[in-house]
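First the structure, in the form of structure tokens, and then the observations on it.
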Amino acid sequence: MLSIAIGADDAAIELKNALVDYLHQSGFTTVDYSADAQHDGGCAYPDIAWTVAQAIKNGRHLRGILVCGTGIGMSITANKVPGIRAAQCHDTYSAERARKSNDAQIITLGARVIGAELAKSILAAWLNAEFEGGRSAPKVEKIGYYEQLNRS
């Protein structure tokens, strides 16, 4: 099993740490791409999201977790990387469907929106779900098609 990439900005370090502990207790290994807010003078979420998304695109990780204040900025940035599907999730159903229907490799969470226990439940739903293919496969392929159109 490849490790899970995780990254957080300075608004979400505490939640990120709780999620890393949870992942380790669940048997996963992680690579932390978060900037050190104390030593780096804060950190810009676009840089972290881009770095994690690139690491997944390049095959260093199968999945990634991004955490900022709302999860919105991380999701927007990660989705700029071709081939990446990042889903902002604040409930377990959306997290499960992000994997099953959309094959999302990255989940984004908002530290100012949800607490640590809910975040763990959401993360568990996402980690335990797998892409179903079937009727969803052509839709995910079409996302890639439109992404390619945008590149030309």
Side-chain angles (χ1 to χ4, degrees), residues 1-99 101-129 131 140 143-152:
M1 174 188 312
L2 291 177
S3 60
I4 295 175
I6 191 162
D9 69 2
D10 52 334
I13 297 296
E14 189 174 316
L15 179 56
K16 185 265 307 180
N17 290 339
L19 294 176
V20 167
D21 289 344
Y22 169 77
L23 289 165
H24 291 171
Q25 291 170 7
S26 300
F28 293 96
T29 59
T30 59
V31 175
D32 192 345
Y33 290 87
S34 305
D36 184 337
Q38 290 180 325
H39 296 100
D40 297 337
C43 43
Y45 69 79
D47 298 332
I48 296 162
W50 185 264
T51 301
V52 167
Q54 286 290 339
I56 291 167
K57 178 184 176 183
N58 294 332
R60 290 196 298 272
H61 311 281
L62 291 177
R63 297 201 196 175
I65 302 160
L66 293 168
V67 193
C68 64
T70 63
I72 298 168
M74 290 283 204
S75 180
I76 290 170
T77 305
N79 280 310
K80 301 293 183 196
V81 174
I84 293 298
R85 290 172 305 281
Q88 176 193 6
C89 300
H90 291 138
D91 62 81
T92 57
Y93 181 75
S94 296
E96 179 183 58
R97 296 318 310 172
R99 286 290 305 144
S101 297
N102 299 288
D103 200 16
Q105 311 104 311
I106 296 175
I107 189 170
T108 69
L109 304 166
R112 294 180 177 147
V113 179
I114 58 174
E117 293 308 310
L118 178 55
K120 291 173 192 175
S121 296
I122 292 166
L123 190 55
W126 184 73
L127 289 168
N128 290 322
F131 182 52
V140 172
I143 293 169
Y145 168 77
Y146 285 122
E147 187 175 69
Q148 291 299 318
L149 281 181
N150 192 41
R151 291 170 138 195
S152 46

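Please read all numbers here as calculations on a predicted model, not as lab measurements. Note: hydrogens, waters and symmetry copies are ignored here, and every other heavy atom, side chains too, is used.
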If you compare all heavy atoms of T77 against all heavy atoms of P46, which two are closest, and at what distance to 0.1 Å? CG2-O, 3.3 Å

Side-chain donor or acceptor of S26 paired with backbone N/O of Y22 under 3.5 Å: yes

Check whether H90 reaches the backbone of G110 with its side chain - one donor and one acceptor, N or O, closer than 3.5 Å. yes

Determine the minimum heavy-atom distance between A98 and A87, stating which atoms define it. CB-CB, 3.6 Å

Non-hydrogen side-chain atoms of L19 and T30 separated by less than 4.5 Å: no

Interatomic distance, OG1@T108 vs CG@L66, rounded to 0.5 Å, equals 7.0 Å

Spacing of CG belonging to N128 relative to CZ belonging to R99, to within rounding of 0.5 Å: 11.0 Å

Whether the side chain of N102 engages the backbone of A104 through a donor-acceptor N/O pair (distance < 3.5 Å, no angle test) should be reported. no

Rounded at 0.5 Å granularity, tell me how far CD1 in I122 sits from CG in L109. 6.0 Å

Are the side chain of H61 and the backbone of I56 linked by a donor-acceptor contact shorter than 3.5 Å? no

Taking every heavy atom of I72 against every heavy atom of Q88, the minimum-distance pair comes out as CG1-NE2, 3.4 Å

Is a donor on one side and an acceptor on the other found under 3.5 Å between the side chain of D32 and the backbone of S34? yes

Would you say the side-chain atoms of R85 pair up with the backbone N or O of V140, donor to acceptor, closer than 3.5 Å? no

Nearest heavy-atom contact between A8 and I48 is O-CD1, 3.1 Å

Heavy-atom closest contact (A95 atom, W126 atom, distance): O-CD1, 3.4 Å

Spatial distance of atom CG (D9) from atom OH (Y45) [nearest 0.5 Å]: 8.5 Å

Distance check, rounded to the nearest 0.5 Å: I114 atom CD1 versus L15 atom CG? 6.0 Å

For G83, is there any backbone N or O sitting under 3.5 Å from a side-chain donor or acceptor partner on Q105? yes

Looking at every non-hydrogen atom in both residues, tell me the closest pair between A5 and V52 and how far apart they are. CB-CG1, 3.8 Å

With rounding to the nearest 0.5 angstrom, report the CD1 to CD1 distance, I65 to I106. 10.0 Å

Check the pair R63 / L127 against side-chain contact (heavy atoms from CB on, under 4.5 Å), numbers first and verdict last. CA-CA 9 Å; R63 297 201 196 175; L127 289 168; 4.0 Å; yes

